[in-house]
Amino acid sequence: MAQRRAIGHAGWGRTIAAAIVAAIYFLPVLIIIMYAFQGRNDILSISARSLGDYLESIFSFTPTLSNFENVFFRANIIQAGEGAAQATETDFPLYFLNSVGIAGISVILALVIGTLAAYGFARFPLRGNDTYMFIILTTRMLPPIVVTIPIFIMFQVTGLAGEYPGIIALYTAFNLAFTVWMMKSFFEELSPDVEDAARMDGSSETRVFFKICLPQVKAGMAATAVFGLILTWNELFFALLLTSNETRTIPPAMVRTLGGEVGADYGLLAAIVTLFLVPVLVVTFVLQNQLLRGVTFGTIKK
Amino acid sequence: MTQASDSMAQGAATDRPVANAAAARRRGSFVERNRGPLLVTPALVTLFVMNIFPLMWSFGLSFYDYRLTRQDLPRFVGLDNYARMLADPSIWESLQTTALIVAGSVGLQMILGFFMAMLFQPIFPGRRILLMLVLAPMMLSYVAVGVFFKLFYNPNFGLISKLIEVFQGTPPNILGDPVGAVLGIIFADAWMWSPFVMLLVLAGLVSVPKYLYEASQIDRATPWRRFWTITFPYVRSLLLLALLFRTIETFKLFDTVYIITEGGPGTATKVIVQYLYRVSFQDFRTGESSAIAYVILFIVIVLTNLYLFMVKRREQEQ
Amino acid sequence: MSDIKLVDLTKRFGELAAVSKANIEVAAGEVLCLLGPSGCGKTTTLRMIAGLESVTEGDVWIAGKRVNDLSPAQRNIAMVFQFYALYPSLTVAENLAYPLHAERLPPAEIKARVDRVARVLQLESVMDRIPGRLAEGEKQRVAVGRAIVRDPTCFLFDEPLSRLDVALRQQMRGQIKEVLSGLDKATVIVTHDQIEALTMADRIAVMRDGIVEQVDTPHGIFARPANLFVAGFIGTPQMNLLPARLIHYADGLGRFAVMGQELTVPVDPAVGRLNGTGAVTLGIRPRGFEPVAAEGADTLKAVIDIIEPMGAETLVHAVESGTDLRVVFDHLVPVAPGEPIRVRIRPGQLHVFDEKGTRVHSA
């Protein structure tokens, strides 16, 4: 008891315990990252081994960057497993660009529309403000399939199915609910006194919004955009049904490669996952304080 | 709250000559008079077109016999779709499967998440970086988790199969067995989302004022007593929120099921969304699928309402 | 015996010394106030006594035992926290009973003790409420009740009244003093409010920047401030601290150059030792003056700048040769801005501080 620590501080003992838990939790992720640097043969040569040999083979291999090259430079690389009626054409460089473009544009659109709306909901409540907010959240909480049934018909009729504007519009709406809730929670943390003071000083409403409010929620907008990007990038369901060969994004493309038993190129898939995971981990580290708000769609601040 | 403060600010404004200028300008300009509605209109229009209108359409469709693949005009059938749905044993089976997976996965998430939060509550060297590693599964995509857990469950070269092999000697065919498949889905989902519960519980833990722990030290409380009288009350509401949020999210579980088992073997892992996917986009029984969608919609609305109610209550407590 | 003794107590956070070599003794039954501006180290000192903060150097003795290495629980102390630290999910009755659980008393005994404390502090009507539904004053009383419900070796209070409004504060000051006077324990109260310290304490320790500047009775602190800091910190309105030069001392009379005038007044004989150095500070409390009609060697003159009526008295800010002078007059004395005033220092109201700021006085 000679060395008592202040409450809330644990020492290296806790570090060791936490490190063990973190290692177990992170192991699957680590294996995915390892796969990304392995050739196809390395991954499939590990069958029929004991666990020890297995783990050893996962961590000892000749690293290669070929998987990453394939993501960016080589089209039409995968055939479906034997027995498939036709070879599945894949073009990951295109899907990558599609994902970047579709996610990027829809997140920016949602951020613009959603930030304005969030400011409105936070500062100039309408009658039934809470009801609007509830409906908006519900659209986000719904399984995508519930909306997709009529959307599918709508897009067939309007010719938007499989086209960029269609999926971008859908993702914009998908992100909008999230953005409105997130941004509203940020606006609500600002003191309205500052805005009122600016109004007293003769600032126009536009000026109050752009010069007083927006600068204060810049970090929040960045966080919202980042979480929106993560959600959109990972979205499978809409993309599965509403993109075509030309507009396909990464998630449905990954699913399509899972043909037969060993048909999938796990190295390539791991490379895709790793490419996205690394920036996401950095974001997790940097935005640790906003993480809770991000993953609960802005409903819980802290 | 905001409503009150806003009207108060405006009320105060009219009392003062300086503010009268602002009020006059507000009266003069259409934009400044309707700033609230104008700000939210673009968002509401977008959501209406992409979400609300389709939902209303879908509601209408649920009263028609309609198949997307056929050229026939929709035929009004009243409540037939609902009747057929209620009579169909497979939807009840799906709901049961969903309930089982939700209970198993969310239960596991709560337990794992809670203990991890306790582990990560204090400050210790390397906490931030280890926390980031633990949070990584949550930041993965469902597709990544689906694809690679399918591989991990592979009897020949799967990590988890190998692990089980150590205990039982032979490599298990996890996904070939109905119980194994359900457990496999639960395990993957719980692994992915227990960090979420941890994050919420951690938020509750850090909101406990330090002086309460100090007071309990001076009052010579045992750690057990300290936990139940101080720590737990602060975590309780967030545990409930985590439970509701994860229940809603797990209720809509689709991606991992679609990738790992496609509902199989047989119908062992056919969750409700997977079932709906089959009815709407493989059988193309569009009218009936709309009816099922509305049942799901109803369940989600109830849960979301409950969730927001708890969020509000917690905010008021603080 | 129940006493507290701090010997060369020091706390460093890295380079920063929060408390340096504090030496304080608190006898059983005595109430000591740690008084000082925020950041002076008074709370850190209290937390070291409680065991909530580790000791860098020096020793804490409680009831004749060195307790440096004991946990707060092992020290058998009771503490009232600044934010009360009431357990939010427990009722008032449960909060009061909380410290008794460690003593393994029979439930009937616990109930009897809780009821007694509730009676003393008039909490009977709120026993079933949770802290969130209590008024501020009630919370404060529960916090005090939780401290006195058991039989600790000493009591520690951290800014106990800072969250109460003025009227309630006055009432609680009396109540706490009354409760404490019935107990034969050493008590340490941390406060930044000098009125609180002056009214509640048997002795006051004034701290600044981690250093104990003076330990004395409330009267002693007020009447004989050890240095410029204590002189300026204690007393409202603040004591006048006038830069001056000692011209001459002889036979108990000091002649000073101050505010562009010469002033000859009776001073402590120890001032004689200062002959030669010259620069001093004269400290006179605003109430230490009396108005005079005629000029004399022992009077000061100045021109009234601002007047602050304070009811029974009037605070006058006057200026002369660039030096401000605060004087409190009876409200019947007619004053107006721009008018000259002439005042004499009342006997025994003059303090002389040397160049280092220490009060000059014979032992």
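Letters A, B, ... are given to chains in the order of the sequence lines, protein chains preceding strands, and every chain is numbered from 1.
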Within a strict 4.5 Å, meaning less than it, do heavy atoms of the [X] and [Y] side chains meet?
{"X": "A/F124", "Y": "B/V40", "result": "no"}
{"X": "B/L61", "Y": "A/I153", "result": "yes"}
{"X": "A/F174", "Y": "B/N51", "result": "no"}
{"X": "A/Y35", "Y": "B/L151", "result": "yes"}
{"X": "A/Y25", "Y": "B/P195", "result": "yes"}
{"X": "A/F134", "Y": "B/T304", "result": "yes"}
{"X": "B/P37", "Y": "A/L126", "result": "yes"}
{"X": "A/T148", "Y": "B/F281", "result": "yes"}

Looking at [options], which has the largest count of heavy-atom pairs under 4.5 Å with chain B?
{"options": "A/T115, A/T172, A/T296", "answer": "A/T296"}
{"options": "A/P143, A/G120, A/G114", "answer": "A/P143"}
{"options": "A/M133, A/M254, A/M154", "answer": "A/M154"}
{"options": "A/L241, A/L277, A/V29", "answer": "A/L241"}
{"options": "A/L170, A/V273, A/V295", "answer": "A/V295"}
{"options": "A/I135, A/I149, A/V147", "answer": "A/I149"}

Is [X] close to chain A through its backbone or its side chain, or both, or neither, when contacts mean heavy atoms under 4.5 Å?
{"X": "B/M118", "result": "backbone"}
{"X": "B/L112", "result": "side chain"}
{"X": "B/L163", "result": "both"}
{"X": "B/M138", "result": "side chain"}
{"X": "B/L200", "result": "both"}
{"X": "B/L238", "result": "side chain"}
{"X": "B/L308", "result": "side chain"}
{"X": "B/L44", "result": "side chain"}
{"X": "B/Y294", "result": "neither"}
{"X": "B/F284", "result": "side chain"}
{"X": "B/L135", "result": "side chain"}
{"X": "B/Y66", "result": "side chain"}
{"X": "B/L241", "result": "side chain"}
{"X": "B/I52", "result": "side chain"}

Which atom names give the shortest non-hydrogen contact between [X] and [Y], and what distance separates them?
{"X": "B/M139", "Y": "A/T284", "answer": "CG-OG1, 3.5 Å"}
{"X": "A/A173", "Y": "B/L47", "answer": "O-CD2, 3.7 Å"}
{"X": "A/M141", "Y": "B/K252", "answer": "O-CD, 3.0 Å"}
{"X": "A/L176", "Y": "B/A43", "answer": "CD2-O, 3.5 Å"}

message: For a side-chain contact (heavy atoms from CB on, under 4.5 Å) check, start with the C-alpha distance between A/L292 and B/F196, then their side-chain angles and the critical distance, and finish with the verdict.
response: CA-CA 8 Å; A/L292 181 70; B/F196 177 95; over 6 Å; no
query: Should the pair B/F254 and A/F237 be assigned to parallel (<30°), tilted (30 to 60°) or perpendicular (>60°) ring geometry?
result: perpendicular
message: In terms of relative ring orientation, are A/F297 and B/F245 parallel, tilted or perpendicular, with 30° and 60° separating the classes?
response: tilted
- prompt: Is there a donor-acceptor pair closer than 3.5 Å between any side-chain N or O of B/R128 and the backbone N or O of A/F285?
  reply: yes
Distance, nearest 0.5 Å, that separates CD1 of A/I145 from CD1 of B/I296: 7.0 Å
message: The test is side-chain contact (heavy atoms from CB on, under 4.5 Å); show your working for B/F148 and A/I31 and say whether it passes.
response: CA-CA 9 Å; B/F148 284 95; A/I31 291 176; over 6 Å; no
task: Answer yes or no: are there more than 12 heavy-atom neighbours, outside A/Y132 itself, under 6.0 Å from its atom OH?
output: no
message: side-chain contact (heavy atoms from CB on, under 4.5 Å), that's the test. Do A/T15 and B/L130 meet it? Break it down for me.
response: CA-CA 8 Å; A/T15 306; B/L130 289 173; 4.3 Å; yes
- request: Give the intermediate values and the outcome of side-chain contact (heavy atoms from CB on, under 4.5 Å) for residues A/V21 and B/F115.
  value: CA-CA 10 Å; A/V21 171; B/F115 282 107; over 6 Å; no
